[in-house]
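Structure first, commentary second.
So you know, we letter chains A, B, ... as the sequences are listed, proteins then strands, and number each from 1. All figures in this text were calculated on a predicted structure; none of them were measured in a lab. Scope of the values below: all heavy atoms of this structure, side chains included, with no hydrogens, waters or symmetry mates.
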Amino acid sequence: MNIVSLLQNAVSQAVEQLYGEKADTAKISVSPTPGDFTGDYTVVVFPFVKLSKKSPELTGTELGEFLTREVAEVSDFNVIKGFLNLELGAAYWQKFLDDALANPDFGRQPRSGHKVMVEYSSPNTNKPLHLGHVRNILLGWSCSRILEAAGHDVVRVQVINDRGVAICKSMYSWLHFGEGKTPDNSGVKGDHLVGDFYVLFEQKSKEEYAAWQQTADAQAILESRKKPNQTDKEFFKDFKNQWFNTYSRLGAEVRDMLRKWEAGDPETVALWQQMNSWVYAGFDQTYDALGVSFDKLYFESNTYLLGKEIVDEGLAKGVFYRKDDGSVWVDLTDIGQDHKLVLRSDGTSVYITQDLGTARMRYQEFGCDRVVYVVADEQNYHFTVLFEVLKRLGEPYADGLFHLSYGLVELPAGRMKTSEGTVVDADELIDEVITLSRQQASERGDVSNFPAEEQDKLYAQIGLGALKFFMIKVNPKKKMTFNPEESVDLQGQTGPYIQYSYVRINGLMQRIEKEQIDLSSWVEYADYQPQEKELLKILHEYPAVVAQAAADYDPSHIANFCYSLAKSYHRFWHDLSIFNADTPQTRAFRLQLSRMTGQVLKTAMGLLGIEMPNRM
RNA sequence: GGUCCCAUAGCUCAAUGGAUAGAGCACCUGCCUUCUAAGCAGGCGGUUACAGGUUCGACCCCUGUUGGGAUCACCA
């Protein structure tokens with residue numbers, strides 16, 4: 001049993017014995033004592049004064065005396081106002097450190113028996129990945145690592161949106177203006193090459209639209225449909241989709257291409273396969289650079305027809321209803337939502353139908369009782385509906401669905417816009433943070449004697465460490481401002497700050513090795529300095545932080561924990577002598593404490609996908 | 001307009017309903033002849049958007065208001 005539940009039970013017993021009434025164990029507040037007070041755990045006694053009919057101070061004192069007497073772990077207490085601060089005694093802390101040192105998996109929770117699927121990234125194949133994807137990927141990856149550490153079996157998957165109008169635009173554009181360009185003969189990374197043709201298509205389409213607006217047809221439409229408060233420009237902006245679908249020559253050609261693709265036209269399918277394969281090679285390179293991977297890929301081209309049998313089933317169960325035109329709907333007005341279409345009148349699937357089908361297919365394939373969808377918060381409504389419908393259908397995994405919804409990434413100048421060319425490309429971003437870390441690090445000297453290969457590796461670790469930490473430390477739900485300069489800072493609340501604390505520790509560990517220092521006498525040291533105690537207390541919290549981060553699906557908890565651990569270690573390092581400590585016992589203890597800190601820093605940062613360098 | 005999300009120091013962010021709301025950046029001051037100064041210590045900086053309510057106790061829960069964002073396609 002962990003110490004918190006142990007103390008909760010003990011307090012519950014104390015209240016019952018002293019005041020004759022039971023207190024609800026779960027509601028007893030036991031939390032780590034804040035740094036500026038004496039004690040290890042604090043019990044809030046206010047809830048018990050009604051039962052004791054005594055002052056908070058006296059109630060706290062009575063409880064404190066009881067706990068000190070009855071609970072072996074509790075060695076002492078003090079009461080300040082309504083707060084009972086308990087001290088756990090050297091024996092407890094010694095055993096904690098002893099156990100932790102012996103446990104290479106310290107912090108990892110026991111197997112839960114749950115199997116969790118984490119879906120993340122989910123790119124379209126018409127463009128390279130950008131800054132928004134990077135947040136998604138980092139969140140998804142670290143979330144999956146945290147769930148593993150919390151004892152779950154994890155399956156990482158990616159849905160690739162490899163079909164539809166968008167990729168046809170790239171295909172059309174390449175076919176007509178590509179002049180046979182390939183990633184090989186042009187030296188352009190595949191996803192970028194395909195993206196370039198998508199952009200080219202949009203340009204051509206824009207030109208066509210501008211020309212069309214001058215025609216008599218267009219002017220007639222403008223006159224008849226323009227709203228009174230609208231300028232011509234505004235009207236044409238709003239009309240663009242309709243124009244593309246009805247009047248555009250390029251639009252017609254692309255739709256024709258999509259029809260051919262759906263009909264399985266060999267030439268179209270071959271082109272589609274060719275261009276997508278370029279994109280996948282490009283994506284793989286980006287994923288490798290970010291250090292992430294997937295267990296299974298789902299392609300929309302295989303799943304977009306799924307879900308129709310679920311529609312029939314839902315009709316039979318009365319979850320859905322059919323309108324006269326044949327379209328099928330679900331009525332969600334009782335949960336404050338609207339009616340939602342699940343099957344078109346022509347019998348074809350819509351987005352949500354696919355997702356219903358995909359959810360069931362994956363459950364049949366992997367049997368995951370939980371699924372985490374890492375998707376931006378613009379799709380909150382979609383997931384509300386999807387989860388509600390799956391619940392109404394009685395799917396066995398419906399209660400384990402979670403939308404890890406994250407906010408938009410904005411630049412200091414505002415939103416990224418394709419039209420203004422402010423979209424931050426993922427590959428360029430990765431290159432940039434590595435280049436910047438190289439520049440800044442070389443100013444600090446010290447690594448010039450490293451072999452070139454090791455230097456490259458180090459700069460990648462530092463640059464990516466900075467980038468990843470910067471993005472993960474923010475609560476996913478919040479939209480974040482991405483400041484390129486701040487993201488590669490090396491000082492303060494940053495990835496490299498934490499890496500540096502690890503490097504310091506690693507230096508000590510190497511010296512222990514080299515000088516063959518015996519550390520067994522550490523157990524004879526028990527009169528802890530405040531800096532030592534603080535470190536111990538933070539290390540002690542690690543398993544609880546992992547559990548909490550997993551329960552909340554929130555990697556930022558781990559990031560904040562890493563920072564406070566590193567900060568505490570830096571203070572410890574500065575204030576106390578480690579190798580030059582007064583006694584061999586003190587030295588041994590501080591080295592063991594350092595070893596433990598290093599181990600936790602490395603595993604915790606590993607949960608965020610951040611590597612730790614050995615030297616820097 | 002309906003639904004949902006957000007608002008904390010100049011900026012970027014923390015804070016299971018619990019003690020004096022904390023960090024980093026920026027600005028100012030100190031600390032390297034001693035284990036890596038990518039570090040440490042100190043200063044400056046707050047009506048937690050506003051108004052009510054619940055509670056022994058509210059940044060946190062409830063109601064309303066203001067401001068910002070997302071979404072409300074037989075698109076995905």
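Of the P atoms belonging to B:C62 and B:G30, the separation is 50 Å, rounded to the nearest Å. Between the P atoms of B:C56 and B:C50, the separation comes to 25 Å (whole Å). B:A9 sits 14 Å from B:C59 when the C1' atoms are compared, rounded to a whole Å. B:A51 and B:C60 have their P atoms separated by 13 Å, with the value rounded to a whole Å. Of the C1' atoms belonging to B:U12 and B:C75, the separation is 36 Å, rounded to the nearest Å. For B:A23 and B:G46, the C1' atoms lie 15 Å apart once the distance is rounded to whole Å. Rounded to whole Å, the separation between the C1' atoms of B:U54 and B:G64 comes to 15 Å. Taking atom P on both nucleotides, B:C6 is separated from B:C13 by 14 Å, rounded to a whole Å.
Within the 4.5 Å cutoff, no side-chain heavy atoms of A:His403 are placed close to those of A:His382. Counting heavy atoms from C-beta on, the side chains of A:Glu21 and A:Val15 never come closer than 4.5 Å.
Residue A:Arg344 has a polar side-chain atom (N or O) positioned under 4.0 Å from OP1 or OP2 of B:C75. Between A:Trp573 and B:A37, a side-chain N or O to OP1/OP2 separation shorter than 4.0 Å is present. When the side-chain nitrogen and oxygen atoms of A:Arg504 are compared with OP1 and OP2 of B:A37, one or more of them lie within a distance under 4.0 Å. A:Tyr500 has a side-chain polar atom (N or O) that falls below the 4.0 Å cut-off from OP1 or OP2 of B:A38. For B:U71, the OP1/OP2 oxygens have no side-chain nitrogen or oxygen of A:Lys340 closer than 4.0 Å. At the phosphate of B:G69, neither OP1 nor OP2 sits under 4.0 Å from any side-chain N or O atom of A:Lys478.
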For the pair A:Tyr406 and A:Tyr120, evaluate ring-ring contact (aromatic ring centres under 6.0 Å, His included) and give the outcome as yes or no after the intermediate values.
-> CA-CA 12 Å; A:Tyr406 63 92; A:Tyr120 65 99; over 10 Å; no

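Taking the six-membered ring where the residue is Trp, A:Tyr525 and A:Phe589 present tilted rings, their angle falling between 30° and 60°.
Here A:Phe37 counts as stacked on B:A19: its ring centre is under 5.5 angstrom from the base ring centre and the planes meet at under 30°. No aromatic stack links A:Tyr497 and the base of B:A38, using centre distance under 5.5 Å and interplanar angle under 30°. Between A:Phe83 and B:A19, a base-stacking contact is recorded: ring centres under 5.5 Å apart, planes less than 30° from parallel.
Residue A:Ser564 places no side-chain atom within donor-acceptor reach of the base of B:A23, judged by atom type and a 3.5 Å distance cut-off alone.
Across every strand in view, B:U36 sits unpaired, with no contact that passes the Watson-Crick or G-U test at under 3.5 angstrom.
If you check B:U20, B:C74, B:U3 against the side chain of A:Ser327, the one that comes closest is B:C74. Each of B:C35, B:C40, B:C74 was ranked by its minimum atom distance to the side chain of A:Ser345; first place goes to B:C74.
B:C28 shows a glycosidic angle more than 90° from 0 and is accordingly assigned anti.
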